[in-house]
A.B. asks: 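Below is one structure. I have some questions about it.
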Amino acid sequence: MKLVGKEHVLHRQADLVAYECDGFTLQRGKARAVVFPGETKEVSAVVRLLHRERVPFIARGAGTGLSGGATPLGGEVIISLVRMKKLLRVDLDNRTAVVQPGFVNLKLTQAISKDGYYYAPDPSSQYACTIGGNVAENAGGAHCLKYGVTTNHILGAEVVLPDGEVIRLGEDGIPDQPGYDLLGLITGSEGTLGVVTEITVRILKAPEGKQTILAYFDDVEDGSRAVSDIISAGIVPAALEMMDRTAIEGVEAANFPVGHPLDIEALLLIEVDGIEAGFQSEAEDIVDVCRKWNVREVKVAKDEQEAAAWWANRKTGFGAMGAISPDYLVQDGVIPRSRLPEVLNKIRAISQETGLRIANIFHAGDGNLHPLILFDAQKPGEKEKALQAGSRCLKACADAGGSITGEHGVGIEKKEEMRFIFTDEEIEAQTRIRSVFNPDNLLNPDKLFPQPGRCAEVKQEIKEQQGLKV
């Protein structure tokens, strides 16, 4: 308590309940305590103490993560970074900003929009999620199709290593430094390599204008084909989103209904931006592509207010599922765009076989799927059935040449599913990298990677028997 002040430490059981999980609520654990440092020096001092005493610890932002990355498994001290929430400086000439990890994503754009700039990564939870958490998960968002995910916008970071040492990665604002890309390694490492305490980000000049298009389809496959054709035509929209019939039912029943027809099978929400002449032409081409694929109706937003309403409807899509189901599980897989119809059909079959409704809200342009498995945890066996259905959806993505996560991370939820895309040897290689930074596995222990498979253990035993150095 001396390191941060008694008022910045929680240890009573009643106070710790809120920290039993993050946005992945199906697994919970007990933290030993929660500490709220206010600056890098305090983070370093707390980490040094915990390292010396061999106490495991977890860095936590706003707790909006969806894979259990900030969930204690039992006995960890949580280092909450919510007090470290300052916008430290903005350099418009070099188009950079420096923030503390607890700074909320959306507040950065709000702070610089008056000067005609914005911060591109825009997770659906951007009104609450922190940039430090975005770095840990390499978060994406609706506009990552054109502008990239978090790692494409991070230029430098201050990091506290698991023994308390403070280092700087990247030369703020200077790209392509020689040597290993340690900044890229830290981004997306899910808090297993270090605690990020300061971040230099790239900010962008706001586009001259934008146009939003909404298209309704009576067949999901027609909508999927339209997505592929839009990209094949050489058009790269700022965003290209899809929702299916179940998802539309949810968003229309929740807080931001916009009057979507409830009998359609899919909708596309598309945004183009840039210079006036360019994006207007792209919008017209997109409308033509949609008509080619039997669109029931396609319309262009008549003004910014209508476009904002459409986007509010989409951005609240996950939470909206609570209007049609007591519980839901969000999944996060990635596939090649061309495999969309095939994989969506597999997800539909999983829904039919399990008897659980599955809503699909996703970034169609880059093949980042978000099946939402709807269930009732009060019904015996439904939670387990939902978890199994989620795993099967990820297997379908992996079998199609994709991945088990595009932006939500692995955490504790998808550790075993890492075997869908990595061999035991590849997993072992990655855990060895973790051991360079985190040799005692005290920082966010037992996250991200499954336990080594038996085949890897057997190979290790054979090598040892043969007297080989491993």
Side-chain angles (χ1 to χ4, degrees), residues 1-24 27-65 67-86 88 99-104 128-137 157-168 186 189-199 409 411-412 434 437-448:
M1 292 187 182
K2 293 180 180 179
L3 299 178
V4 298
K6 183 178 180 180
E7 68 275 21
H8 299 308
V9 178
L10 300 178
H11 60 90
R12 296 183 180 89
Q13 288 303 309
D15 295 328
L16 299 179
V17 171
Y19 298 89
E20 290 182 348
C21 67
D22 57 13
F24 177 65
Q27 187 169 340
R28 299 170 184 265
K30 291 288 187 182
R32 181 177 300 197
V34 181
V35 183
F36 299 87
E39 58 183 1
T40 299
K41 184 168 62 175
E42 291 183 352
V43 175
S44 176
V46 170
V47 169
R48 286 184 188 278
L49 173 63
L50 296 172
H51 180 265
R52 188 183 71 215
E53 298 299 323
R54 293 293 185 266
V55 176
F57 54 98
I58 301 170
R60 178 185 167 108
T64 59
S67 61
T71 298
L73 297 176
E76 298 96 334
V77 169
I78 290 177
I79 300 175
S80 173
L81 301 169
V82 295
R83 287 182 61 217
M84 300 176 65
K85 57 182 179 180
K86 296 177 182 176
L88 298 175
V99 302
Q100 291 183 309
F103 193 75
V104 171
C129 67
T130 61
I131 293 180
N134 295 165
V135 172
E137 302 297 335
E158 183 178 69
V159 181
V160 177
L161 296 178
D163 63 358
E165 179 184 356
V166 181
I167 63 171
R168 291 202 68 86
I186 287 287
S189 62
E190 303 195 25
T192 62
L193 303 183
V195 181
V196 176
T197 56
E198 186 179 292
I199 308 144
I412 54 178
R434 179 184 63 188
F437 290 81
N438 186 13
D440 301 308
N441 198 25
L442 292 175
L443 176 55
N444 212 6
D446 302 319
K447 305 288 175 63
L448 186 56

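Everything numeric here is computed off the predicted structure, so don't read it as measured data. The first residue of the sequence shown is numbered 1, and numbering continues consecutively from there.
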A.B. asks: Show the atom names and distances, to 0.1 Å, of all donor-acceptor pairs under 3.5 Å that link a side chain in residues 44-57 to residues at least two apart or in another chain.
C.D. replies:
residue : atom : partner : partner atom : Å
S44     : OG   : G164    : O            : 2.5
H51     : NE2  : D440    : OD2          : 3.4
R54     : NH1  : H51     : O            : 2.5

A.B. asks: If you compare all heavy atoms of R83 against all heavy atoms of F36, which two are closest, and at what distance to 0.1 Å?
C.D. replies: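 Of all heavy-atom pairs spanning R83 and F36, the closest is NH1-O, 2.7 Å.
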A.B. asks: Check the pair V35, V77 against side-chain contact (heavy atoms from CB on, under 4.5 Å), reporting the backbone distance first and the verdict last.
C.D. replies: CA-CA 7 Å; V35 183; V77 169; 3.8 Å; yes
A.B. asks: I'd like to know whether T130 forms a side-chain contact (heavy atoms from CB on, under 4.5 Å) with L81, so could you lay out the CA-CA distance, the side-chain angles of the two residues, the decisive distance to 0.1 Å, and finally the verdict.
C.D. replies: CA-CA 9 Å; T130 61; L81 301 169; over 6 Å; no
A.B. asks: May I ask you to decide if L161's main-chain N or O and E165's side chain share a donor-acceptor pair within less than 3.5 Å?
C.D. replies: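 Judged by distance alone, no pair lies under 3.5 Å.
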A.B. asks: With K41, which residues qualify under side chain to side chain contact (heavy atoms under 4.5 Å, CB included), at least two apart?
C.D. replies: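 By the side chain to side chain contact (heavy atoms under 4.5 Å, CB included) rule, K41 matches E39.
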A.B. asks: Quick one, L10 and Y19 - any side-chain contact, counting heavy atoms below 4.5 Å?
C.D. replies: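 Of all side-chain heavy-atom pairs linking Y19 with L10, at least one is under 4.5 Å.
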A.B. asks: What pairs with D446 under side chain to side chain contact (heavy atoms under 4.5 Å, CB included), at least two apart in sequence or on another chain?
C.D. replies: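 Partners of D446 under the side chain to side chain contact (heavy atoms under 4.5 Å, CB included) test: L73, K415, N441, Q451.
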A.B. asks: Which residues pass the side-chain hydrogen bond (donor to acceptor under 3.5 Å, both in side chains) test with K30, sequence neighbours left out?
C.D. replies: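 Testing K30 for side-chain hydrogen bond (donor to acceptor under 3.5 Å, both in side chains), a comparison that skips the adjacent residues, returns E20.
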A.B. asks: Which residues pass the side chain to side chain contact (heavy atoms under 4.5 Å, CB included) test with T197, not counting sequence neighbours?
C.D. replies: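 Counting only residues at least two positions away or on another chain, T197 forms a side chain to side chain contact (heavy atoms under 4.5 Å, CB included) with T40, V43, M84, E158, V160, V195.
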A.B. asks: How would you list, by chain and number, every residue that makes a side chain to side chain contact (heavy atoms under 4.5 Å, CB included) with A136, sequence neighbours excluded?
C.D. replies: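 Result, side chain to side chain contact (heavy atoms under 4.5 Å, CB included) vs A136: none returned.
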A.B. asks: Do V135 and P101 touch side chain to side chain, with heavy atoms closer than 4.5 Å?
C.D. replies: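 The answer is no, as the side chains (C-beta and beyond) never meet within the 4.5 Å cut-off.
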